[in-house]
Number of protein chains: 2
Amino acid sequence: MAKLTSDLIRGHTDTMVLKLLQERDMYGYELVKEIYKRSNKEYELKEVTLYASLRRLVSEQCVEAYWGDETRGGRRKYYSITKVGLDLYDEKRSDWDYSKKILDKLL
Amino acid sequence: MAKLTSDLIRGHTDTMVLKLLQERDMYGYELVKEIYKRSNKEYELKEVTLYASLRRLVSEQCVEAYWGDETRGGRRKYYSITKVGLDLYDEKRSDWDYSKKILDKLL
DNA sequence: CAAGGTATTATATCTGATATAGTACTTTTT
DNA sequence: AAAAAGTACTATATCAGATATAATACCTTG
């Protein structure tokens, strides 16, 4: 049975996050659940990995964070993609299409 | 312009090596050159990375090494895939097909 | 009020890839 | 024949992303 190990996902976390934030602002836990859902429950992004990715993206000005004013479900920090982040997403998405072609030749 | 960064290859080096050794025994430098050629000169596997991969595969009994008797081009160490290595290749190859599908949904 | 769900952060460790450097032998060029 | 370029492999230190583990804290449901 084929598996989806973290080795095969490594390096794609930021791209997955940017893709979702391109659609709408989301908070951390929501991103984790959405990724699980969209992968048809095949991939569970670890929370620590997600938050590490978000901190990285914020430090690179690809994403901005702001606190929401919810009173239910705990206080949520929302993440919003920036212009820099949109550009980075396009680039990473092209890189993926490209690397898929090369890897299909090599594997 | 799309790029093939090491981040996107990471985790696939062992698989590329196993694929080539499945076809025939090869020595290190030959593997580097063959991968460059088959990628249409798009991917240059670093020698240090290759030799690290080979050491890993040998320690896992996926590959066996033996010295050739060449007198030209330096003394060559040949690598040969084992039954364990053949099984690992099949597994990793399935994992790649599978992860491609999932990643296409998520990226 | 306990259990479970939601939400985020800190710290240490692991692994694969890389930079850098070194050794050593062979072939080609001048 | 010496220099340059190519072939072949190894050692050491460092880096980045992912993970384990754990801690904190608030809210909802039974």
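Sequence lines set the chain letters: A, B, ... in the order given, protein chains first and strands last, and positions in each chain run from 1.
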Taking atom CD as the centre, does Glu34(B) end up with more than 12 heavy-atom neighbours from other residues, nucleotides or ligands that are less than 6.0 angstrom away?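 For Glu34(B), atom CD is crowded (more than 12 foreign heavy atoms under 6.0 Å).
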
Over 12 non-hydrogen atoms of neighbours within 6.0 angstrom of NZ in Lys105(B):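 Counting other residues, nucleotides and ligands, NZ of Lys105(B) exceeds 12 neighbours.
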
May I have the step-by-step check of salt bridge (charged side-chain N to carboxylate O under 4.0 Å, His left out) for Arg56(A) and Asp14(A), ending in yes or no? CA-CA 8 Å; Arg56(A) 200 158 48 232; Asp14(A) 293 3; 2.8 Å; yes

Integer-rounded Å distance: [N] [atom2] and [X] [atom1]:
X	N	atom1	atom2	result
Tyr29(A)	dG4(C)	OH	P	13 Å
Lys92(B)	dG16(C)	NZ	C1'	11 Å
Leu50(B)	dC9(D)	CG	C1'	11 Å
Glu47(B)	dT18(C)	CD	P	13 Å
Leu31(A)	dT8(C)	CG	C1'	13 Å
Arg55(B)	dA11(D)	CZ	P	7 Å
Tyr66(A)	dT8(C)	OH	C1'	17 Å

Just so I know, are the side chains of [X] and [Y] near enough to count as touching, which here means a heavy-atom distance under 4.5 Å?
X	Y	value
Tyr66(A)	Asp25(A)	yes
Asp95(A)	Leu4(B)	no
Arg38(A)	Leu20(A)	yes
Trp96(B)	Lys100(B)	yes

Mutual orientation of the aromatic rings belonging to Tyr78(A) and Tyr27(A) [parallel < 30°, tilted 30-60°, perpendicular > 60°]: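 The rings of Tyr78(A) and Tyr27(A) stand perpendicular, inter-plane angle above 60°.
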
Does a nitrogen or oxygen in the side chain of Lys33(A) sit under 4.0 Å from OP1 or OP2 of dG5(C)?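 Checking Lys33(A) against dG5(C): no side-chain N or O falls below 4.0 Å of OP1 or OP2.
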
Just to confirm, is there a sub-4.0 Å distance from OP1 or OP2 of dT10(D) to any side-chain nitrogen or oxygen of Tyr51(B)?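 No, outside the criterion.
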
In B/S/- notation (B base, S sugar-phosphate only, - none; protein heavy atoms under 4.0 Å), nucleotides 13-25 of chain D written 5' to 3' is ---BBSBBB----

Below 4.0 angstrom, which residues in residues 96-107 of chain B have at least one non-hydrogen atom near DNA chain C?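 Heavy-atom cutoff 4.0 Å gives no residues at all.
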
Between Arg93(B) and Asp97(B), does at least one N-O distance fall below 4.0 Å, as a salt bridge requires?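 The answer is yes: the pair qualifies as a salt bridge.
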
